[in-house]
Amino acid sequence: MAEDTVSQRALRLGVAGPVGTGKSSLIATICRALAEELRLGVITNDIYTDEDARFLRSAGVLEPERIRAVETGACPHTAIRDDITANLLAAEDLERDFAPLDVVLIESGGDNLTATFSPALVDAQIFVLDVAGGGDVARKGGPGIGRADLLVVNKTDLAPYVGVDVPQMVADATAARDGRPVLALSRTDAPSVAALRAWVLEVLAAHRGGTHVPQDPGPMAPHFHADDEHPDGGYVHSHADAHADAHSHAEAGADH
Amino acid sequence: MDGGTLPAAGTVALLLADARLPSGGHAHSSGLEPALQGGMPAAQAAGFLLARARTTGLVDAATAVAARAAVLEGGPLGDVERAWAARTPSAAMRDASRELGRGLLRLAKRLWPESAALAALVTPPRPVVLGAIAAATGLPAEELVRLSVYDDLASAVAALLKLEPRDPADGALLVLAACASIEARVPEIAAVRSPHQIPALSAPQAEAWAEQHAIAPRRLFRG
Ligand SMILES: Nc1nc2c(ncn2[C@@H]2O[C@H](COP(=O)(O)OP(=O)(O)OP(=O)(O)O)[C@@H](O)[C@H]2O)c(=O)[nH]1
Ligand SMILES: [Mg+2]
């Protein structure tokens, strides 16, 4: 089916990251920077309300009808990863109602460091940290930090107030990401917003050109264990299995 | 389904009853959150489930059976859907069921692409999709009744454990007890053949709660 091929439908771009790091604001920033030249749609995943959708509608960056809220039954990470049905339906609805769209931005419900989007839902994803969460968060790693298509270190304007060394935080993040891009962003810093805009356009071009392949950041970033006996001097190891266990506990439990 | 061997109907029933089924069900509470928000004490959850089972539960189950029969015997599914809507007076409940149906249909079309009945559905409620799946997979009517009721009640209890945490084992007891409460009616519901035989079993208090919940500013679940 031609309309299902990746390069013909809108680029679906996920925005994940812990609570309050600035995901909605970043989406508003992208809309402000690109609404003139691209046809955009937004989906928010809220936990209790449609607060994020309302925030974005009131920001006036996009027609209100282009911003849809998905409710997640208290499981924001399930809705972007294990059971993406509601988000897929919302994306398909938006793409149909406003055809043709260039980019659909999907905000995850603010969750923890481990929540990332399934590559079956988004083509690319941004993981958002903020300087106020502490300079060492980037070093702690995790799938989003390690392997999202772009890691944003947000609210750099606050760095002096929270005693965070932004270049150091970016260097730590870059080291944790094997060279994948890291962007120090503040909505009040125009060059950083321009860099964000350029990144989105670059991914869109790759998506359209068929050269972009959706990646799964995975449940947990693989890491290297030094081992002198090992022929390669060590081995790369992931905690996927351990995590699967942890997750099934969470599924059975009450509060995830 | 390709690959040569078809899964047993019983396996299909297990799949459909599994909370991990990726069809969007995790955002629904089968009326449980509406009830709690409407003021029902959590201690009355057992009574809520019994009432849900013998009202909405049986209407949906009979609808699923009628849909199965319609597909197998070439009758129109539109009549089944209208009969269901007439017996589901709350618009909020109908919306919730259509949303569940849509998610389930999306998955079912992937799993059973050869089913013309599934392919023809547009915005069906959950029980109509279940009935069409049952027809496509050889699931017997009695199993379909139990599946429809179980899935609905298990969603309510999963939500209960999130909203009013308690020993999850108590939740399992609640599901089994409420399912057992309608067991004697399974043969009668499974014998439904045409839409007019779907019983009209309304639950006015739960319907009022559903309507209130649909416009509530804060909620975790869709319905
Ligand atoms: N100083 C500063 N504050 C920012 C920036 N971006 C966002 N904020 C503020 O950070 C707070 C949280 O921003 P949101 O965009 O709502 O964050 P979010 O990640 O969407 O939050 P949740 O959806 O609740 O997880 C708000 O008070 C924003 O105004 C920034 O670049 N600089
Ligand atoms: Mg937000």
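Here is how names work: the chains are called A, B, and so on, in the same order as the sequence lines, proteins then strands, and each is numbered from 1.
- E81(B) has a carboxylate O that lies under 4.0 Å from a charged side-chain N of R98(B), or vice versa, which qualifies the two as a salt bridge.
- When the heavy atoms of residues 85-95 of chain A are compared with those of chain B, the residues falling under 4.5 Å are T85(A), L88(A), L89(A), E92(A), D93(A), listed by number.
- In plain terms, the two heavy atoms of L36(B) and E164(B) that are nearest each other are CD1-CG, 3.9 Å.
- A search for side-chain contact (heavy atoms from CB on, under 4.5 Å) contacts involving A69(A) returns T44(A), D46(A), D50(A), A53(A), not counting sequence neighbours.
- Interface summary for chain A: among R106(B), R166(B), R222(B), the most heavy-atom pairs under 4.5 angstrom belong to R106(B).
- In summary, R102(B) and D95(B) do not engage in a salt bridge, as defined by a charged side-chain N under 4.0 Å from a carboxylate O.
- Every residue two or more places apart in sequence or in another chain was checked for a salt bridge (Lys or Arg N to Asp or Glu O under 4.0 Å) with R32(A), and none qualifies.
- Only the backbone of L21(B) comes within contact range of chain A, with heavy atoms under 4.5 Å apart.
- Ion pairing of D102(A) with R39(A) is present here, as a side-chain N (NZ or NE/NH1/NH2) and a carboxylate O approach within less than 4.0 Å.
- For residues 25-52 of chain B, the set of pairs meeting the salt bridge (Lys or Arg N to Asp or Glu O under 4.0 Å) definition, not counting sequence neighbours, comprises R52(B)-D152(B).
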